Novice: 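For reference, the structure I am asking about is given below.
Sequence lines set the chain letters: A, B, ... in the order given, protein chains first and strands last, and positions in each chain run from 1. Keep in mind that this is a model prediction, so the values were computed, not measured.
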Amino acid sequence: MPELPEVEVTRLGISPAVVGQTISAVTVRQPRLRWPVSPIVERLAGRRVKNVTRRAKYLIFDCGDGDLIVHLGMSGSLRVVPADTPVRKHDHVDIRFGKVLLRLHDPRRFGSVLWAPHGETHPLLAHLGIEPLSDELTGTRLRAMAVGHRAAIKQFLMDGRRIVGIGNIYANESLFLARISPFAPAGHISVARCERLALAIRTTLTGAIRAGGSTLRDFVGGDGKPGYFQQTYQVYDRTGAPCRACGSPVRRRVQGQRATFYCGSCQR
DNA sequence: CGAAACTCCTGAGCGC
DNA sequence: TGCGCTCAGGAGTTTC
């Protein structure tokens, strides 16, 4: 499930329970995730987590002499649970802090648990694009990045080498909010429309994070699934349903192996 | 260089 | 109830 808002809500949810705490044990039940779990991770006991930050969809735990880096992939979730919580299928990694532990659950195993020594940037994080919620994302910047690119704007938005954190759901939602066709060649979009798109991305992502804020306590405590949040989408997964703006049916098309949802009359 | 296809993995939902 | 098929929120790698 995790797109940037879910990752950010996870960060906010688990931070109070782990920041300032010392790792007492680590259990790796399944090291074969998207990338092999770094062997160092099993030897992290004794380190104190100084901070938890986020870069793109990576969660970064500052352990002093290095960073523990966690990506949730398509199906991953991180929760803080009592240390005696029974292990379920797909509970691959536990980072224990005394009486509680941070547990990674990931059925599809597209997530990853990595390590980067202090001062070094992990290769996977070395070529990431700009953060969509930073002030780097502006219409002019977007326009400058898109010039010369013939690829469809939706696929361009999902390319993490330009802008990070925009997954399939929010690419669809942002383009709807900006009233821009997902099929428009990225390089042909005017500055004015890029301005609208930059604003739409910011609005969509911050709105989703705010919606997730109400479920923060779901990340600490019980042994259920993280609540994430039930959002009402404008177009995502609404094939055939009436566009919330004009009433014409939402359409679905496959674009670059991913489903694209859009309103053919609102988005041009 | 850019763009598109391919790949990893499990589970849910659907038609029969 | 079971089987086979399709699809799913990511993103690095390969191929053209």
Novice: Sequence neighbours left out, what pairs pass side-chain hydrogen bond (donor to acceptor under 3.5 Å, both in side chains) with at least one residue falling in residues 177-202 of chain A?
Specialist: none
Novice: Please say which of A/Q30, A/H105, A/R79 ends up in a side chain to side chain donor-acceptor pair (under 3.5 Å) with A/D91.
Specialist: A/H105
Novice: Give the rounded distance in Å between these two atoms: CZ of A/R253 and P of B/dA4.
Specialist: 13 Å
Novice: Can you tell me, in whole Å, how much space there is between the P of C/dT14 and that of B/dC9?
Specialist: 16 Å
Novice: Which whole-number value in Å describes the distance from A/L157 CG to C/dG10 C1'?
Specialist: 16 Å
Novice: In B/S/- notation, 5' to 3', how is nucleotides 11-16 of chain C contacted by protein heavy atoms closer than 4.0 Å?
Specialist: SSS---
Novice: Can you tell me which stems DNA chain B forms, taking runs of 3 or more consecutive Watson-Crick or G-U pairs with both distances under 3.5 Å?
Specialist: B:2-8 with C:10-16, B:10-16 with C:2-8
Novice: Where along residues 102-115 of chain A does a heavy atom fall under 4.0 Å from DNA chain B?
Specialist: A/P107, A/R108, A/R109, A/F110
Novice: Say you pick atom P in C/dT6 and the same atom in B/dC6; how far apart are they, in whole Å?
Specialist: 15 Å
Novice: So, OP1 or OP2 of C/dG9: does either fall under 4.0 Å of a side-chain N or O from A/Y236?
Specialist: yes
Novice: Going by side-chain hydrogen bond (donor to acceptor under 3.5 Å, both in side chains), name the pairs with one or both residues in residues 45-56 of chain A, residues two or more places apart or in two chains.
Specialist: A/E8-A/R54, A/R47-A/D65, A/R54-A/E131, A/R55-A/E131
Novice: Any donor-acceptor pair under 3.5 Å linking the side chain of A/T85 with the backbone of A/P82?
Specialist: yes
Novice: Quick one: does any side-chain atom of A/Q267 pair with a main-chain N or O of A/G264 as donor and acceptor, under 3.5 Å?
Specialist: no
Novice: Counting only pairs under 3.5 Å, give me each side-chain donor-acceptor contact of residues 237-248 of chain A, with atom names and distances, residues two or more places apart or in other chains.
Specialist:
unit_1, atom_1, unit_2, atom_2, d
A/R238, NH1, A/Q234, O, 2.7
A/R238, NH1, A/P242, O, 3.2
A/R238, NH2, A/P242, O, 2.9
A/R244, NE, A/Y233, O, 2.9
A/R244, NH2, A/Y233, O, 2.7
A/S248, OG, A/S265, OG, 3.3

Novice: Between A/L78 and A/L72, is any pair of side-chain heavy atoms under 4.5 Å apart?
Specialist: yes
Novice: Could you pull out every donor-acceptor pair under 3.5 Å between side chains of residues 152-163 of chain A and any protein atom, sequence neighbours left out?
Specialist:
unit_1, atom_1, unit_2, atom_2, d
A/K154, NZ, A/N168, OD1, 2.6
A/K154, NZ, A/A259, O, 3.1
A/K154, NZ, A/T260, OG1, 2.9
A/D159, OD1, A/R161, N, 3.0
A/D159, OD1, A/R161, NE, 3.1
A/D159, OD2, A/R161, NE, 3.4
A/D159, OD2, A/R161, NH2, 2.8

Novice: A/F176: which residues meet the ring pair (Phe, Tyr, Trp, His ring centres under 6.0 Å) condition with it, sequence neighbours left out?
Specialist: none
Novice: Is there a side-chain polar atom (N or O) of A/K89 under 4.0 Å from OP1 or OP2 of B/dT10?
Specialist: no
Novice: Scan the side chains in residues 107-121 of chain A for donor-acceptor partners under 3.5 Å anywhere in the protein, sequence neighbours excluded, and list what turns up.
Specialist:
unit_1, atom_1, unit_2, atom_2, d
A/R109, NH1, A/R32, O, 2.8
A/H118, ND1, A/G64, O, 3.4

Novice: Quickly work out the A/Q255 CD to C/dG9 P distance and round it to whole Å.
Specialist: 13 Å
Novice: Filter on salt bridge (charged side-chain N to carboxylate O under 4.0 Å, His left out), then keep only pairs touching residues 18-30 of chain A, sequence neighbours left out; what's left?
Specialist: A/R29-A/D94
Novice: Atom CD1 of A/I163 to atom P of C/dG10: distance rounded to whole Å?
Specialist: 15 Å
Novice: Between the protein and nucleotides 1-3 of chain B, which nitrogen or oxygen pairs are less than 3.5 angstrom apart?
Specialist:
unit_1, atom_1, unit_2, atom_2, d
B/dA3, OP1, A/R150, N, 2.8
B/dA3, OP1, A/A151, N, 3.2
B/dA3, OP2, A/H149, ND1, 2.9

Novice: Can you tell me how far C1' of C/dA8 sits from OH of A/Y233, to the nearest Å?
Specialist: 12 Å
Novice: According to ring pair (Phe, Tyr, Trp, His ring centres under 6.0 Å), who are the partners of A/Y262, at least two apart in sequence or on a separate chain?
Specialist: A/F183
Novice: If the P atom of C/dA11 is compared with that of B/dA12, how far apart are they to the nearest Å?
Specialist: 23 Å
Novice: How close or far is atom P of B/dA4 from atom CZ of A/F183, stated in whole angstroms?
Specialist: 13 Å
Novice: In whole Å, I'd like the distance from the NZ atom of A/K154 to the C1' atom of C/dG9.
Specialist: 11 Å
Novice: What integer distance in Å separates A/Q257:CD from C/dG9:C1'?
Specialist: 16 Å
